[in-house]
Protein chains: 2
Amino acid sequence: MSIIFSKKCEYGLQAVLFLSAKGLGEVYSAEEISEHLRIPKEFVSKILQQLTATGIVDSKKGKKGGFFLGKKSSQIRLLDIVLAIDGDGIFSNCVLGFPSCSHDTPCPLHNEWGSLIKKTKEMLTKQTIDKFTTRTLKKISTIK
Amino acid sequence: MSIIFSKKCEYGLQAVLFLSAKGLGEVYSAEEISEHLRIPKEFVSKILQQLTATGIVDSKKGKKGGFFLGKKSSQIRLLDIVLAIDGDGIFSNCVLGFPSCSHDTPCPLHNEWGSLIKKTKEMLTKQTIDKFTTRTLKKISTIK
DNA sequence: AACTTATCAGATTTAATTATCTGATTAAAA
DNA sequence: TTTTAATCAGATAATTAAATCTGATAAGTT
């Protein structure tokens, strides 16, 4: 099996897109998010805690508490979420797994892969989560 | 951590590139391949067995046996190796992990991701392993 | 024919990822 | 002030992926 983002990262992207689509300031508990997205409650809670540390998400303890966006959705790039959870391995690691792959000692696929991953990074950098509100709401409606 | 190809697939690509660079008909034992590429012997053996089943690689038992290319390197696409080991999940699975992502009910990233993955598939389809002989030999020389 | 060296098949072990549980703390509501 | 419902932290369990081991079979070499 091949994977682009870890499950953690997939869930993180889903959750932040969800919070964004629901509107800034809206507080949702881990349980509500878990139910809407059909992902494990404790797991999504852990992931959102991690995103809270970076400022992408903020949280409120106690009754009526939960998670909400930490900044304007137009200022959260998809890249920020990916970097916060999976790190930059996807952009820097050798696609063939050679530990010593670099510009000077490239692996056979270095250049071909490099230009693809560059385009991917550009997309993730350019796209902020506010761009997806309509699509996210539509998608969520097909889950529940 | 995010991954493009599984370790299995990375090692499979490395091993087939190695066999190709060393020339058609040349037989290398799992041990030799393991030493040259610095990957676990039994693991690379298992992976090459798997590729043998698809015809990409062929094997010879007994003394002086080992693995060798099953067809001309100009007829082995990178895509063939990826599909044989990791399947087509990387091309068909939803990047956000939504089980029900499709053209009709797309996830927020469906289109953006789709065009990137299409380009990736095109590259893996176009590139055959004979194109990498020089680069592979150069790369191998930096390992040992 | 006996010996050696290889693939091959299947089981087992180890490591990493994913998921769950438990208890402490926090804060709103009764 | 007590109850309730939430985050948060850390430990544990389950699952999957990666790596290793064991034994059987095959085929050259002596």
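Rounding to whole angstrom units, CD1 of residue A:Ile85 and P of C:dT18 are separated by 11 Å. Atom CZ of B:Phe43 and atom C1' of C:dT13 are 14 Å apart (whole Å). Atom CZ in B:Arg38 sits roughly 21 Å away from atom P in D:dA18 (whole-Å rounding). Straight-line distance from the NZ atom of B:Lys8 to the P atom of D:dT20: 15 Å, rounded to whole Å. C:dT17 atom C1' lies 13 Å from atom CD of A:Glu10, rounded to whole Å. The NZ-C1' distance, from A:Lys46 to C:dT18, rounds to 12 Å in whole Å. Rounded to whole Å, the distance from CZ on A:Phe68 to P on C:dA27 is 12 Å. Taking atom CD on A:Glu42 and atom P on D:dG10, their separation rounds to 17 Å, with Å as the unit.
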I'd like a list of close polar pairs between nucleotides 5-8 of chain C and the protein, N/O only, cut-off under 3.5 Å.
{"from": "C:dT5", "atom 1": "O2", "to": "B:Lys63", "atom 2": "N", "distance (Å)": "3.3"}
{"from": "C:dA6", "atom 1": "O4'", "to": "B:Gly62", "atom 2": "O", "distance (Å)": "3.3"}
{"from": "C:dT7", "atom 1": "OP1", "to": "B:Ala30", "atom 2": "N", "distance (Å)": "2.8"}
{"from": "C:dT7", "atom 1": "O3'", "to": "B:Ser59", "atom 2": "OG", "distance (Å)": "3.1"}
{"from": "C:dC8", "atom 1": "OP1", "to": "B:Ser59", "atom 2": "OG", "distance (Å)": "2.2"}
{"from": "C:dC8", "atom 1": "OP2", "to": "B:Ser59", "atom 2": "OG", "distance (Å)": "3.3"}

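In this structure, the side chains of A:Ile129 and A:Ile81 come closer than 4.5 Å at one or more pairs of heavy atoms. Taking the side chain as every heavy atom from C-beta outward, B:Phe98 and B:Thr105 never approach each other to under 4.5 Å.
With values rounded to the nearest 0.5 angstrom, B:Met123 atom CE is found 13.0 Å from B:Lys119 atom NZ. Going from atom CG of A:Leu83 over to atom CZ of A:Phe91 covers 6.0 Å, rounded to the nearest 0.5 Å. Annotation: the span from A:Cys107 atom SG to A:His110 atom NE2 amounts to 7.0 Å, rounded to 0.5 Å.
Note on A:Tyr11: a side-chain N or O is less than 4.0 Å away from OP1 or OP2 of C:dA19.
Side-chain N or O atoms of A:Glu31 include none that pairs as donor or acceptor with a backbone N or O of A:Lys41 at under 3.5 Å.
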